[in-house]
Amino acid sequence: MRLSRYFAPTLKEAPADAEVISHKLLTRAGMIRRLTSGVYNYLPLGWRSLNKIAAIVRQEMDRAGALELHMPTVQPADLWRESGRWEHYGKELLRFVDRHDRECCLGPTHEEVITDLVRKEIKSYRQLPVNLYQIQTKFRDEIRPRFGLMRGREFIMKDAYSFDRDDAGAETSYRAMFEAYKRIFTRLGLRFKPVEADSGSIGGSFSHEFMVLAQTGEDVIASCTACDYAANVERAVARAAGTKDDAVPPALTTAPTPGKHTVEEVAAFLNVSADRIVKTILLDVDGQAVAALVRGDRELNPIKVKNLMNANAAVFATAEQVAAWTNAKVGFAGPVGLKVARVIADAELALREGWVTGANADDAHHVNVSLSRDAKVTEYADIRTIAEGDLCPLCGGAMEFPRGIEVGHVFKLGTKYSAAMRSVYLDENGKEQLMVMGCYGIGVSRVLASCIEQNNDEHGIVFPPPVAPFHVSLLNLDPKADDASAKAQEIHDALESAGLEVLLDDRDERPGVKFKDADLMGLPMQLVVGGKGLARGVIEAKDRRTGEKTDLPVDGFAAAFTAWKEAVYAGWGLEKAGGA
RNA sequence: CGGGAUGUGGCUCAGUCUGGUAGAGCACUGCGUUCGGGACGCAGGGGCCGGAGGUUCAAAUCCUCUCAUCCCGACCA
């Protein structure tokens, strides 16, 4: 491909609103252009990269036995009503009515459509299992799109759905997808980590997120340095460490704490450390008043409370609710004498005695509180967010907390949708059974962004070969000189016929411009054809990743190039690089 | 939806406070000189200053309303 005939508008400066490196570089390298908030044009270079990613995803999905199909973006409201999500999905679901006043939405995901399709067409156990997938545009009306392709409203996703006869089958399907995902991200050259995404029983979790490790990630991973345990911090099990050796304190007393309603203020005022204070957080859990107790230096995780109670939603109580439930303003709630439906204490609180808590009265706290003696705790459970210093819940090893970008998610759905939408089959005995489902997503456009987050330097993108839109930047520094042009064309043709994708910069530009653009676009291999090199009888080659330059002789170029290419690819350490 | 900010040629921005008839750099067109890490000169093209009202002799600039975008908090691939 000749760059003079290509459409790759590069920019010296990044748009002012681009914050993260992938957004800046994708824009500057002429790969994407923003159309409107969270919605992007994929220019030829960007689209090529995206298709490289999609091709690898396809190969691995097919290898794992999944079948590709394509479902519509426009979906009828009826299906969403059946699953119950028309009411529950929220505003991310972009709804509209058509000319006949029929309610529709743009698909943010396709559980409803696929379940509808399968329930109509699959009737027998003989037809199961099936795993169907598509690579398709999704729309989610995010409140705040940001970071370019990282969090768009319209994005490209691979979504797969498995249907099995029973739990065991669903688990097999799940494991097959899990393995396929590992292969995909490995082949793409990403540094990633599969992470538990469900707070369910340790080791038996049926939801994993695949995180690409990057400082700019929006998620934090709790990862054990000793064993394989890794989980999203939002879900990670926080282990209550230590033994109980505090003595039961003398009778509790009440201390005036005027205006001191935060943990820091109370700690400073009463001269105690934050880990000796109990925070009492009032939650509205499906309409029930619930008090959640955690140590003053910890963070409550409302999701854990929600899951513990098997509830639909656990939200912080409003100031009015707090006032009604505690007879005090916000900041003075405590478990002693508190009348709520449930008092859930973090497991860690069972290990100590002698707490400072709110007194359920304005401007007052209790001191020397024993939860077992003075309060009615319904139960002790893990309801806090794991933190720096916590130990691994599996092996007790030290934890670290790297940031990550969620690029994939595998989930065992069970019968949630098949039950709601009556997706059933007949078993060997002619008995009706619910299909057991799983769903598996990869954010294809997000993978592109993550790839660039992990692979860039001060000059631009450093594409791993499998993701690069072309393999070689071939710079003709003297397009007006016949010999250079002829040689460049000859090399271009030779490499292309050897199966490599070559972008020949034949533009009438000064050399500096070409060097800068080549570095910016980040194709893994650069070849320079110019008067100086030709005079020495060489084509200059540069490994974009290392910056290392090598002279390849014009005579015997093919062999020299092949050897060099192998070295460049080997440097990437990929199990199987793209191209010839 | 709250909190903060910004809208001026394709891009990055100045000009707004203190109204006086629109600028720079990059990009684009032509000519010339250049030509191995984002050249230079000359000459050009391109902007109803986000939109609508209002104040004023006069509005990018002041006022009101609106729309859009971006940044900080709760969702998700």
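All figures in this text were calculated on a predicted structure; none of them were measured in a lab. The sequence lines fix the lettering, A, B, ..., with proteins before strands; numbering per chain opens at 1.
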Members of residues 509-518 of chain A that approach RNA chain B, where some heavy atom sits under 4.0 Å away:
A:Arg510, A:Pro511, A:Gly512, A:Val513, A:Phe515, A:Lys516, A:Asp517

Could you tell me how far B:rG51 sits from B:rA59 if I compare only their C1' atoms? Round to whole Å.
15 Å

At under 4.0 Å between heavy atoms, which parts of nucleotides 69-77 of chain B does protein reach? Answer with one letter per nucleotide, 5' to 3': B base, S sugar-phosphate only, - none.
SSSBBBBBB

Return the CG to NE2 distance between A:Leu117 and A:His110, rounded to the nearest 0.5 Å.
11.0 Å

Taking atom C1' of B:rC26 as reference, at what distance in whole Å does atom CG of A:Leu11 sit?
10 Å

A:Phe7 atom CZ is separated from B:rG10 atom P, nearest whole Å, by 15 Å

Inter-nucleotide C1' distance (B:rG45, B:rG4), Å rounded:
39 Å

In the structure shown, which nucleotide is the Watson-Crick or G-U wobble counterpart of B:rA77, with both distances under 3.5 Å?
none

How long is the line joining CD of A:Glu13 and P of B:rG10, in whole Å?
16 Å

With sequence neighbours excluded, residues passing ring pair (Phe, Tyr, Trp, His ring centres under 6.0 Å) with A:Phe139:
none

Counting heavy atoms not belonging to A:Glu92, are there more than 12 under 6.0 Å from its CD?
yes

With sequence neighbours left out, the residues meeting ring pair (Phe, Tyr, Trp, His ring centres under 6.0 Å) with A:Tyr89 are A:Trp80

Gap in Å between the two P atoms, one belonging to B:rG50 and one to B:rU6, rounded:
13 Å

Around atom CD of A:Gln215, are there more than 12 heavy atoms from other residues, nucleotides or ligands closer than 6.0 Å?
no

Tell me the ring-ring contact (aromatic ring centres under 6.0 Å, His included) pairs involving residues 6-37 of chain A, sequence neighbours left out?
A:Tyr6-A:Phe470, A:His23-A:Tyr40

Given the P atoms of B:rG10 and B:rG3, what is the spacing between them in whole Å?
33 Å

What residue pairs, at least two apart or across chains, pass salt bridge (charged side-chain N to carboxylate O under 4.0 Å, His left out) with a residue in residues 10-28 of chain A?
none

For A:Asp141 and B:rC1, what is the distance between atoms CG and C1' respectively, to the nearest whole Å?
13 Å

Pair listing, salt bridge (charged side-chain N to carboxylate O under 4.0 Å, His left out) test, anchored in residues 482-492 of chain A, at least two apart:
A:Lys487-A:Glu490

Just jot down the ring pair (Phe, Tyr, Trp, His ring centres under 6.0 Å) partners of A:Phe192, sequence neighbours excluded, or say none.
A:Phe185

Look through every strand shown and name the nucleotide pairing with B:rC40 as Watson-Crick or G-U wobble, where both distances are under 3.5 Å.
B:rG32

Rounded distance (Å) that lies between atom P of B:rU12 and atom NZ of A:Lys24
12 Å

Whole-Å distance, A:Leu43 CG to B:rC11 P, equals 14 Å

What pairs of residues pass the ring-ring contact (aromatic ring centres under 6.0 Å, His included) test when at least one of them lies in residues 511-530 of chain A, not counting sequence neighbours?
none

Please check if atom CD in A:Glu548 has more than 12 non-hydrogen atoms from other residues, nucleotides or ligands closer than 6.0 Å.
no

Rounding to a whole Å, what distance do you find between A:Arg28:CZ and B:rC26:C1'?
12 Å

Could you tell me how far B:rU64 sits from B:rC26 if I compare only their C1' atoms? Round to whole Å.
37 Å

For atom P, what is the distance between B:rA24 and B:rU66, given to the nearest Å?
36 Å

With A:His492 via ring pair (Phe, Tyr, Trp, His ring centres under 6.0 Å) - residues at least two apart
none

After noting the C-alpha distance and the side-chain angles of A:Glu234 and A:Asn301, does the key distance pass the side chain to side chain donor-acceptor pair (under 3.5 Å) rule?
CA-CA 7 Å; A:Glu234 291 174 2; A:Asn301 187 339; over 6 Å; no

Identify the nucleotide, in any strand shown, that forms a Watson-Crick or G-U wobble pair with B:rA68, with both distances under 3.5 Å; if there is none, say none.
B:rU6

Sugar-phosphate, base or nothing in reach of A:Pro9, heavy atoms under 4.0 Å:
nothing

Sorted by number, residues from residues 474-488 of chain A placing a heavy atom under 4.0 Å from RNA chain B are A:Leu477

Pick the C1' atom in B:rU8 and in B:rU69, then give their distance to the nearest Å.
15 Å

Pick one: which of A:Leu50, A:Leu26, A:Asn51 meets side-chain contact (heavy atoms from CB on, under 4.5 Å) with A:Tyr42?
A:Leu50

With a 3.5 Å limit on both atom pairs, tell me what B:rG53 is paired to, counting Watson-Crick and G-U wobble, or say none.
B:rC63

Pairwise N/O distances under 3.5 Å, protein to nucleotides 3-6 of chain B:
none

Pairing partner (Watson-Crick or G-U wobble, both distances under 3.5 angstrom) of B:rC13
B:rG23

Quote, to the nearest angstrom, the P distance that separates B:rC65 from B:rA5.
16 Å

Using 4.0 Å as the upper bound for N to carboxylate O, is an ion pair formed by A:Glu111 and A:Lys416?
no

